[in-house]
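Order of the sequence lines fixes the chain letters, A, B, ..., with proteins taken first and strands second; residue numbering starts at 1 for each chain.
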Amino acid sequence: MIIKAPIDLELTQISGQTSQPPWICKDNVFTDVVCVDGEYSIFSVRQSDDFLDFTYTGNATEKAALENVKKIYDLDFDLPRFYDYLDGHDELREMSKFCNGLRLFQAKDPFECIISSICSANNSIKRWTRSISDMKMKWGRNFNDYYTFPDIETLQKIYLDDEDELSKCGCVNDNNLKCCGVGYRAEYMRKASEIFSLEIDLSEIPKMSYDEAFETVLKVPGVGPKVADCILLYGFGFKEAFPSDVWIKRIVSHLYFGGKDIKVEKVREFGMEEFGDYAGYVQLYMFHYARKSGLMEKLK
DNA sequence: ACTCAGGCGCAGA
DNA sequence: TCTGCGCCTGAG
């Protein structure tokens, strides 16, 4: 079925955002397995002119499947209206040209989003993507060779490294987190799994205010301000989040503060104050604008 | 072979 | 409260 919302699907997929790796692409069709009301469906999406062509297999009702795909690709977001907003500001005007059709690629699985966001910290997009894909292949459930992300209970039991695996199971069979290339983040990931199993109920987070949700996820080891904002934005749709890292710092500094060196924490406050409910989208557009326009090279 | 990028936790100021 | 170091891995 065709969903009439303008989107650049490929751009949205490869934007390197921290909710999930890109879906598997074959002949311009992007496919992955999605949990709908407790059951697994294979979702396929394809660019059809400006719109999205969506098909799925599985027992999900059409209504539920549609709701899910709309959420994942943020299809209810009014992109033209956002472009009017960008056009109304000197500093932002150029961005829509470079990122036309780019939407938030939202998590299909909040737990996956949390763990992959932790994995993304102090990491490269390439290495982060490989690690998460490895984890899915090793410990996720296989549906037609599309793999789910391992659930909370599964991940809690995964060994940390070779040493941990050897002492607990007597042999080493690449069945541990560090062999996925996550490095010292392995401990954070396992601790986080424990916390979401025992202390924090994932389903409570969407009911919270932004501030409350921010403070809640900050308690998780490996989650600082940047990762917390990524989790809230890509995992739970808090669009007022403005994830601020060194790149966003450089870009904001260049566009708004005459290149002056400012603290990342100040950049976050500035972004939230200045852009309000558009903060998350402005952050997304800033990053890709900088990438594509050559600004990023200039700011290095 | 070596250096560096990248956000977070922690020790020490 | 704030500052600066070390963490792990792969790319250059």
A:Y289 ring centre to A:R93 NZ or CZ under 6.0 Å, with the angle to the axis within 45°?
-> no

Using a 4.0 Å heavy-atom cut-off across all strands, classify A:V223 as base, sugar-phosphate, or nothing.
-> sugar-phosphate

Looking for any heavy atom pair under 4.0 Å, which part of the strands does A:K263 touch: base, sugar-phosphate only, or nothing?
-> sugar-phosphate

The answer to which of A:Y188 and A:R250 contacts DNA chain B further toward the 5' end, by nearest nucleotide, is A:R250

Of A:G222 and A:R127, the one whose nearest nucleotide on DNA chain B sits closer to the 5' end is A:R127

Which whole-number value in Å describes the distance from [X] [atom1] to [N] [atom2]?
{"X": "A:W128", "N": "B:dC8", "atom1": "CH2", "atom2": "P", "value": "15 Å"}
{"X": "A:K249", "N": "B:dG7", "atom1": "NZ", "atom2": "P", "value": "10 Å"}
{"X": "A:D229", "N": "B:dG7", "atom1": "CG", "atom2": "P", "value": "13 Å"}
{"X": "A:Y184", "N": "C:dC8", "atom1": "OH", "atom2": "P", "value": "8 Å"}
{"X": "A:E297", "N": "C:dG12", "atom1": "CD", "atom2": "C1'", "value": "13 Å"}
{"X": "A:M189", "N": "B:dG7", "atom1": "CE", "atom2": "C1'", "value": "13 Å"}
{"X": "A:K126", "N": "C:dG12", "atom1": "NZ", "atom2": "P", "value": "7 Å"}
{"X": "A:F214", "N": "B:dC8", "atom1": "CZ", "atom2": "P", "value": "9 Å"}

Kindly point out which of [options] is positioned nearest to the side chain of [X]?
{"X": "A:R130", "options": "C:dG10, C:dC8, C:dT3", "result": "C:dG10"}
{"X": "A:V227", "options": "B:dC8, C:dA11, C:dT3", "result": "B:dC8"}
{"X": "A:K226", "options": "C:dT3, B:dG7, C:dC8", "result": "B:dG7"}

Could you tell me whether the side chain of A:Y234 and the main chain of A:D229 form a donor-acceptor pair under 3.5 Å?
-> no

Please examine the side chains of A:F54 and A:I2, heavy atoms only from C-beta on, and report whether any two atoms are closer than 4.5 Å.
-> no

Report yes if at least one side-chain N or O of A:R185 is closer than 4.0 Å to OP1 or OP2 of C:dT9; otherwise report no.
-> no

Ring centres of A:Y281 and A:F275 under 6.0 Å apart?
-> no

Any chance the rings of A:Y159 and A:W139 have centres within less than 6.0 Å?
-> no

